[in-house]
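Input: a single structure, listed below in structure tokens.
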Amino acid sequence: VGCILGQLKLYPFTQERFAVEDYLNVREDYRGQDVGKYLLQNFELWAKQRGCRFVVFGVNQLATHDPDRGNRFLKHAAYHHYETAYFKEL
């Protein structure tokens, strides 16, 4: 139905813990049924239980056919746009 993968990291200057989402996907026929919301809430709980102060999510245009949908999903979940990533294919 859906899957989320992530990892814990330490901020190099303060040694503060944070969680980074690596992959979030919900099967197309289950979208719009709060599966992504459930996965996101449990990822946040997992991170909080491990002492993380914040969670970082990215909307990878290579991994999604609709990056705008991913942006709307995260904004609806109270995430704030923070940085822009640059990519170069080698």
*asked:* According to side chain to side chain contact (heavy atoms under 4.5 Å, CB included), who are the partners of Lys9, at least two apart in sequence or on a separate chain?
replied: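 Only Gln7, Phe18, Val20 meet the side chain to side chain contact (heavy atoms under 4.5 Å, CB included) criterion with Lys9.
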Going by atom type alone, with no hydrogens or angles, which donor-acceptor pairs under 3.5 Å involve a side-chain atom of residues 48-58 and a protein atom two or more places apart or on another chain?
from	atom 1	to	atom 2	distance (Å)
Arg50	NH1	Trp46	O	3.0
Arg53	NH1	Glu16	OE1	3.3
Arg53	NH1	Glu16	OE2	2.9

*Kindly indicate whether the side chain of Gln15, heavy atoms from C-beta on, has any atom under 4.5 Å from the side chain of Leu10.*
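Of all side-chain heavy-atom pairs linking Leu10 with Gln15, at least one is under 4.5 Å.
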*Does some side-chain heavy atom of His76 sit less than 4.5 Å from a side-chain heavy atom of Arg72?*
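Of all side-chain heavy-atom pairs linking His76 with Arg72, none is under 4.5 Å.
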*asked:* If I compare all heavy atoms of Arg31 with all of Val26, which pair ends up nearest, and what's the gap?
replied: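 Closest approach of Arg31 to Val26, heavy atoms only: NE-O, 2.7 Å.
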*Identify the heavy atoms of Val35 and Val1 that sit nearest to each other, and give their distance.*
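Taking Val35 first and Val1 second, the nearest heavy atoms are CG1-CG1, 3.7 Å.
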_Consider side-chain contact (heavy atoms from CB on, under 4.5 Å). Of Tyr23, Tyr38, Phe43, which one does Ile4 pass it with?_
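Single side-chain contact (heavy atoms from CB on, under 4.5 Å) partner of Ile4 among Tyr23, Tyr38, Phe43: Phe43.
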*Taking atom CG of Leu40 and atom CG of Asp34, what is their separation to the nearest 0.5 Å?*
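The CG atom of Leu40 sits 11.0 Å away from the CG atom of Asp34.
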